[in-house]
Protein chains: 2
Amino acid sequence: MLGELTQEKTSFRDVKAEILRRITDGPWGPGSLLPGEVELADEFGCSRTTMNRALRELSELGLIDRRRKAGTRVRMAPLREARFEMPIMRAEIEKTGATYRYALVSHTVLEAPEWLRAKLSLKPKTPVVHLICLHFANGVPFQLEDRWINVAALPEALEQEFTNVGPNEWLVKTVPFSEVEISFHAVAASNDAVTYLDHNLGDPVFCIERTTWWKGEAITFVTLSHRRGHRMTTRY
Amino acid sequence: MLGELTQEKTSFRDVKAEILRRITDGPWGPGSLLPGEVELADEFGCSRTTMNRALRELSELGLIDRRRKAGTRVRMAPLREARFEMPIMRAEIEKTGATYRYALVSHTVLEAPEWLRAKLSLKPKTPVVHLICLHFANGVPFQLEDRWINVAALPEALEQEFTNVGPNEWLVKTVPFSEVEISFHAVAASNDAVTYLDHNLGDPVFCIERTTWWKGEAITFVTLSHRRGHRMTTRY
DNA sequence: CCTTGCATTATGCTTACACATAACTATACA
DNA sequence: TGTATAGTTATGTGTAAGCATAATGCAAGG
C-alpha cells in the first residue's frame with residue numbers, strides 16, 4: 001500500500017534523455033520535425049510544462065530549433081559550443097593535486113604606455129600598476145602573469161602589495177562582476193618568458209590575453225604565458 | 001518597474017534583470033544570502049514559479065549558488081565560463097565578409113600509425129584516411145587541416161573524394177552528434193605549416209586539436225594550424 | 001558527549017490551466 | 001493577380017497549488 005505511494009513521476013530529465021536518445025541514435029535524425037508539445041506530453045505521460053522544460057533545455061544545448069507555429073526541429077548541424085571555465089590558477093593547480101605557489105616578480109607604478117592607452121581607451125598620463133607574477137605547480141614555474149591595472153578606475157590597487165595574494169584573486173574579490181574579452185594565440189617566447197618559464201628565445205608560447213571592464217571602464221589587461229607544451233583542454 | 005498600467009505581468013526576464021542588477025551594483029554583494037523564493041516572489045509581485053525560473057537561470061549563469069534549505073547565495077567568485085562556438089571554417093570566414101575557398105592538398109589511405117592508434121584506441125592495422133586540406137580567406141591560406149578518419153568506424157569515408165566538400169562539413173553531416181575533446185596549444189611550425197601557411201620553420205603556430213567519438217568509438221582526429229598571428233577571441 | 005531521529009524550511013519539480021505571441025494558411029477583396 | 005486580413009496552431013510564459021527532497025538544527029536517549 002505504502003509502496004504504491006512512492007510512485008515516480010516522469011521527470012523532465014527522463015524525458016530529455018529519451019528525446020536526446022531518439023535524436024542521436026533513434027528515429028529523429030537531423031532536420032526532422034518533432035511532434036508538438038501536447039502530443040509528446042501525452043505520449044510520455046507528463047504535463048506539457050515538463051515536456052516544455054525538456055525541450056527548452058535541449059534547445060539551449062543547441063540540438064533542436066524551436067519556432068512558434070513552425071514546431072520543433074532537429075538541427076541540421078547541431079551547433080555545440082566549447083566551454084572553458086576561466087581558471088583561477090590556484091584552484092586549477094590544486095585540482096591536479098599539485099602544490100601551488102605564487103611569487104611576485106616585479107611591481108611598478110607608472111604612466112600607461114601608449115599601446116595600453118589605446119587598448120583600454122585611457123586618458124594620457126593615466127597611472128597604472130604593472131605587475132609581473134609567477135604561478136608555480138610543484139615548484140615548477142607554470143604560468144607567467146603580466147598584468148596592468150588601471151589606477152584611475154581602481155585606486156585601491158595602489159594600496160595593495162600583491163606579495164602574498166595574487167592580483168587575480170584580489171581582482172576577483174574586488175571587482176567580481178566584470179565584462180571580459182579573452183583571446184588565445186601563440187607567440188614567440190619573450191625575454192621574460194625565457195627568464196622565468198624556462199623557454200628558449202623564440203620558442204612557441206601559448207598565451208591568453210584578457211581585458212576586463214566594469215561599468216564600461218577598463219579595469220585591467222593581462223597576458224598569461226604558459227610553460228612549454230601547455231595545453232588547454234575541454235570535452236563536450 | 002512595477003508601475004505598468006498595461007496589465008503586463010512581471011516576466012521572469014524582468015525579475016532576472018533586476019536581481020542581476022542588485023547583485024552587480026546593488027545591495028547583494030558576493031557572499032550575501034538572498035531572501036527565499038516565496039518572499040522574493042511576493043516582493044516582485046510574481047508567482048514562485050516565475051521567481052524560481054529567474055533564479056534558476058542566474059544559477060546556471062554561475063552567479064548564484066542555490067542549495068535546499070541553505071537558501072540562495074551570491075557566489076564569492078562568480079565562475080563565469082568562456083564559450084567558443086566551434087567554428088565551421090566556411091561560416092567563420094564568410095562571416096567576416098571574406099570569400100572562402102577550400103583545397104584538398106593530399107588524400108591517402110593507410111594503416112594507422114602507432115601514435116594515432118594509441119590516441120584513438122585503434123586495433124593494429126586499422127585503415128585510416130589521412131587528409132591535408134587548406135582553408136583560404138580571400139585567397140590567403142588561413143588554416144591548415146591535418147585530419148585522420150577511422151575507416152573501421154566510418155567506412156563511408158573511403159568513398160568520399162573530399163575534393164569539393166571539406167571533411168569537416170562532410171563529418172558534421174554524417175556524424176552530427178559526436179562527443180568531442182578539444183585542446184589548444186602553441187607549437188613550432190612544422191614543415192607543412194611552412195609550406196602551406198607562409199610560416200618560417202619554428203615560428204609559433206596556434207593549434208587546435210580535436211578528437212571526436214561516436215558511441216564510444218573514435219571517429220576522427222584533426223589538427224588545425226593557423227596562419228601567423230591568428231587569435232581566437234570571445235567576450236562574456 | 002555523542003549519536004539518532006524528527007520537525008522545519010528552502011529549493012526542486014510536477015500538474016493543470018490560461019492567455020500571449022509568432023508564424024503559417026486560407027480566404028476575401030480591390 | 002496581388003495584397004490585406006482573419007483564423008489556426010505550436011510554442012512561450014504566466015498563475016496557483018501541491019508533493020518531493022535535501023539540509024539544517026534541535027531534542028531525546030544512550
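In this text the structure is predicted, and so the values were computed from the model without any measurement.
- For A:Ser47, the listed nucleotide lying nearest its side chain is C:dT14; candidates were D:dT13, D:dA16, C:dT14.
- As rounded to whole Å, 7 Å separates atom C1' of D:dA10 from atom CD of A:Glu37.
- B:Arg48 has its CZ atom 11 Å from the C1' atom of C:dT14, to the nearest Å.
- Computed from coordinates, the B:Phe44 CZ to D:dG14 P distance equals 14 Å when rounded to whole Å.
- Of the candidate nucleotides C:dC19, C:dG12, C:dT21, C:dT21 has the atom lying nearest to any side-chain atom of A:Arg68.
- The side chain of B:Arg53 approaches D:dT13 more closely than any other nucleotide in the set C:dC13, D:dT13, D:dT11.
- Regarding A:Asp42, its CG atom lies at a distance of 14 Å from the P atom of C:dC17, rounded to whole Å.
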Item to check | Worked verdict on B:Arg75 versus B:Asp65 for salt bridge (Lys or Arg N to Asp or Glu O under 4.0 Å) | outcome: CA-CA 6 Å; B:Arg75 273 229 159 83; B:Asp65 208 17; 3.4 Å; yes
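- When distances run from any side-chain atom of A:Lys69 to the nucleotides D:dG12, D:dT21, C:dA23, the shortest one goes to C:dA23.
- For A:Thr49, taking side-chain heavy atoms from C-beta onward, the closest of the listed nucleotides C:dA16, C:dA22, D:dA23 is C:dA16.
- B:Phe12 places its CZ atom 9 Å from the C1' atom of D:dG12, with the value rounded to the nearest Å.
- With D:dG14, C:dA22, D:dT24 as the choices, the nucleotide that has an atom nearest any side-chain atom of B:Ala70 turns out to be D:dT24.
- Candidate nucleotides C:dT14, D:dT24, C:dA10 were compared by shortest atom distance to the side chain of B:Arg67, and D:dT24 ranks first.
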Next on the checklist: For A:Glu169 and A:Lys173: C-alpha separation, side-chain torsions, deciding distance, then whether salt bridge (Lys or Arg N to Asp or Glu O under 4.0 Å) applies.
Outcome noted: CA-CA 6 Å; A:Glu169 289 181 60; A:Lys173 255 197 328 200; over 6 Å; no
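- The side chain of A:Thr50 lies closest to C:dT14 when the candidates are C:dT14, C:dT11, D:dT9.
- Aromatic ring orientation, A:Tyr102 versus A:His135: tilted (interplanar angle from 30° to 60°).
- Ring-plane geometry between A:Phe206 and A:His230 is classed as tilted, the angle between the planes lying from 30 to 60 degrees on a 0 to 90 degree scale.
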